[in-house]
Visitor: 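The structure follows.
When reading the values below, keep in mind they use all heavy atoms of this one structure, side chains included, and skip hydrogens, waters and symmetry mates. Computed from a predicted structure; not experimentally measured.
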Amino acid sequence: YNIAAAVELTGRPDLPVLAVALGEVVRRHEALRTAFQVVDHEPVQVVVDPAGCTLPLIDLQGLPEREREGEADRLASAEARRPFDLSHPPLLRVTLLRKRPKRHALLLTMHHIVSDGWSMGVLVRELGVLYAAFLEGRPSPLPELAIQYPDFAAWQRRHLAGAHLESELAWWREQLAGLPPALELPVDHPRPAALSSRGAAHDFTIGREVLARLTEVSRQHGATLFMALLAGFAALLQRVNGDWGQDDLAVGTPIAGRTREETEPLIGLFVNTLALRVDLSGDPDLAALLARVRETTLAAYAHQELPFERLVEELAPERDRSRPPLVQVLFALQNTPSESLALPGLDLTVASQDTG
């Protein structure tokens with residue numbers, strides 16, 4: 001379960017300096033130096049000492065020019081899909097592809113158990129700052145981190161306990177009581193007996209005019225763009241149901257989970273899934289549906305700390321190996337802070353890699 005990005009570099013990168021900068025990122029963030037081992041039948045985090053960072057270089061210049069991009073794409077795709085051994089850190093892999101003397105691709109891959117979309121932004125930002133400093137012979141300008149991911153994990157265990165935990169569980173039990181066991185959607189193939197991890201991405205563009213109108217509608221109804229998009233998505237799900245007309249459905253959404261300032265500069269897995277129950281009964285108009293979605297979303301944000309897996313454990317829905325529990329569809333607005341990676345003497349373009 002990888003998070004991968006490819007950074008196109010135009011210029012001549014200083015490879016030893018780049019390797020040292022990457023090693024400093026790994027030193028700063030214990031999450032990247034964490035092994036996951038089993039002790040007394042329970043998984044535990046074991047943080048290892050820093051050991052630098054290697055930067056493998058694959059030179060593609062020996063290939064005919066017309067074949068280089070295709071081979072670079074193949075290698076990037078294979079790297080994004082290559083598994084990690086969670087018992088052997090670092091859970092960050094870096095590979096550099098040389099296409100021409102002034103054209104490289106830097107492949108960055110992290111395992112999701114120690115990272116999320118926000119973390120990739122932290123990695124990119126710190127790499128740019130450190131490379132610029134080390135290239136000029138200066139020390140790292142980044143302050144030491146106040147806490148590390150294991151500190152957060154220990155705090156979360158203590159925080160979500162006792163009366164507070166029971167209060168959160170009670171709220172979610174009430175919120176999801178009587179939820180239909182599954183979202184039934186018409187499909188063009190028989191549902192397999194067991195869920196696989198095979199998937200694909202389909203990209204399309206929503207024009208600026210439509211986005212501007214959506215944003216204006218959101219403002220008129222005191223809602224965010226996410227709420228307006230979610231309302232439209234839920235209405236679409238009901239419509240494609242056809243004759244079934246399911247008007248009570250749950251849509252999952254990932255939330256950053258960084259509710260405290262100390263967690264914002266950390267690489268780690270903070271994201272949580274919220275099950276947002278949308279009520280489409282009575283054929284509501286836009287204003288009514290937006291009001292319902294707004295109320296549901298704000299209430300869920302106020303109770304976002306309960307981990308999704310703990311909620312599944314508590315509600316114990318009937319399990320079906322062909323479907324995920326509670327929610328079978330996710331909706332996300334990816335608005336985590338985007339980082340432009342600026343390195344001296346280099347032009348860069350960052351693109352996410354499809355992990356399949």
Side-chain angles (χ1 to χ4, degrees), residues 1 3 29-47 86 89 91 110-122 145-179 226 230 250-278 295-319 324-333 335-336:
Y1 198 176
I3 298 177
H29 294 274
E30 288 185 2
L32 297 178
R33 297 186 279 112
T34 296
F36 293 87
Q37 300 176 356
V38 177
V39 177
D40 295 331
H41 307 290
E42 291 288 337
V44 296
Q45 299 181 68
V46 179
V47 180
L86 300 186
L91 300 183
M110 292 189 286
H111 194 280
H112 213 332
I113 200 169
V114 296
S115 63
D116 50 23
W118 188 298
S119 297
M120 186 61 84
V122 173
L145 297 165
I147 64 170
Q148 291 285 344
Y149 189 81
D151 300 321
F152 166 78
W155 170 83
Q156 187 185 47
R157 285 277 178 113
R158 293 191 303 268
H159 180 63
L160 281 173
H164 179 56
L165 174 61
E166 286 306 314
S167 173
E168 292 297 293
L169 287 170
W171 187 87
W172 280 105
R173 273 196 300 267
E174 181 180 355
Q175 183 74 10
L176 300 178
L179 180 71
F226 169 79
L230 175 60
V251 177
T253 188
I255 192 165
R258 297 177 186 249
T259 57
R260 282 158 178 77
E261 188 176 356
E262 297 89 341
T263 63
E264 292 184 5
L266 291 182
I267 291 175
L269 176 57
F270 295 88
V271 71
N272 190 24
T273 299
L274 300 182
L276 302 178
R277 189 173 186 174
V278 182
E295 181 180 355
T296 296
T297 303
L298 291 176
Y301 288 166
H303 296 272
Q304 64 174 275
E305 292 183 326
L306 185 69
F308 181 74
E309 64 272 18
R310 184 69 179 85
L311 179 60
V312 172
E313 181 182 323
E314 170 67 20
L315 297 182
E318 182 178 346
R319 299 304 286 267
L326 294 188
V327 296
Q328 292 80 47
V329 61
L330 288 176
F331 185 82
L333 180 63
N335 60 353
T336 53

Visitor: Are Val114 and Leu32 close enough, and set up right, to give a side-chain contact (heavy atoms from CB on, under 4.5 Å), and what steps lead you there?
Guide: CA-CA 7 Å; Val114 296; Leu32 297 178; 4.3 Å; yes

Visitor: Sequence neighbours left out, what passes side-chain hydrogen bond (donor to acceptor under 3.5 Å, both in side chains) with Arg310? Give chain and number order.
Guide: none

Visitor: Verify side-chain contact (heavy atoms from CB on, under 4.5 Å) between His112 and Leu91, making sure each step is shown before the conclusion.
Guide: CA-CA 9 Å; His112 213 332; Leu91 300 183; over 6 Å; no

Visitor: Could you check whether any side-chain heavy atom of Ser115 comes within less than 4.5 Å of a side-chain heavy atom of Met120, counting everything from C-beta outward?
Guide: no

Visitor: By salt bridge (Lys or Arg N to Asp or Glu O under 4.0 Å), which residues pair with Arg277, not counting sequence neighbours?
Guide: Asp248

Visitor: Roughly how far apart are Leu306 CG and Asn272 CG, rounded to 0.5 Å?
Guide: 7.5 Å

Visitor: Nearest 0.5 Å, please: how far is CD in Gln37 from CG in Leu86?
Guide: 11.0 Å

Visitor: Please enumerate all residues that pass side chain to side chain contact (heavy atoms under 4.5 Å, CB included) together with Glu318, with sequence neighbours excluded.
Guide: none

Visitor: For the pair Thr273 and Glu309, evaluate side-chain contact (heavy atoms from CB on, under 4.5 Å) and give the outcome as yes or no after the intermediate values.
Guide: CA-CA 9 Å; Thr273 299; Glu309 64 272 18; over 6 Å; no

Visitor: Once you round to the nearest 0.5 Å, how far does CG of Leu169 lie from CG of Leu315?
Guide: 8.0 Å

Visitor: Quick test of your reading: applying side-chain hydrogen bond (donor to acceptor under 3.5 Å, both in side chains), list the pairs with at least one residue in residues 145-160, sequence neighbours left out, ordered by first then second residue.
Guide: His159-His164, His159-Glu305

Visitor: First locate atom CG of Leu311, then atom CD of Gln175, and finally report the distance between them rounded to the nearest 0.5 Å.
Guide: 10.5 Å

Visitor: Suppose we screen for side-chain hydrogen bond (donor to acceptor under 3.5 Å, both in side chains). Which residues come up paired with Arg258, at least two apart in sequence or across chains?
Guide: Asp116, Ser119

Visitor: Return the minimal non-hydrogen interatomic distance between Glu262 and Pro265, and the atom names on each side.
Guide: O-CD, 3.4 Å

Visitor: Looking only at heavy atoms, what is the nearest atom pair of Val44 and Val39, with distance?
Guide: CG2-CG2, 3.6 Å

Visitor: Take Val271 and Trp118, measure what side-chain contact (heavy atoms from CB on, under 4.5 Å) needs, and give me the verdict at the end.
Guide: CA-CA 9 Å; Val271 71; Trp118 188 298; over 6 Å; no

Visitor: Could you check whether any side-chain heavy atom of Ile113 comes within less than 4.5 Å of a side-chain heavy atom of Tyr1, counting everything from C-beta outward?
Guide: no

Visitor: Could you list the residues that satisfy side chain to side chain contact (heavy atoms under 4.5 Å, CB included) with Val327, not counting sequence neighbours?
Guide: Ala250, Ala275, Phe308

Visitor: May I ask you to test the Val278-Thr296 pair for a side-chain heavy-atom distance under 4.5 Å?
Guide: no

Visitor: Go through the structure and list residues passing side-chain hydrogen bond (donor to acceptor under 3.5 Å, both in side chains) with Glu314, not counting sequence neighbours.
Guide: Arg173

Visitor: Would you say the side-chain atoms of Glu166 pair up with the backbone N or O of Ala163, donor to acceptor, closer than 3.5 Å?
Guide: no

Visitor: Which value, rounded to the nearest 0.5 Å, describes the distance between Thr259 atom OG1 and Glu264 atom CD?
Guide: 9.5 Å

Visitor: Find the distance between CD (Gln45) and OG1 (Thr34) and round it off to the nearest 0.5 Å.
Guide: 5.5 Å

Visitor: Restricting to side-chain hydrogen bond (donor to acceptor under 3.5 Å, both in side chains), what partner residues turn up for His111, sequence neighbours left out?
Guide: none

Visitor: Of all residues at least two apart in sequence or in a different chain, which pass the side chain to side chain contact (heavy atoms under 4.5 Å, CB included) check with Ala332?
Guide: Pro254, Gln334

Visitor: Suppose we screen for side chain to side chain contact (heavy atoms under 4.5 Å, CB included). Which residues come up paired with Thr253, at least two apart in sequence or across chains?
Guide: Phe226, Leu274, Leu276

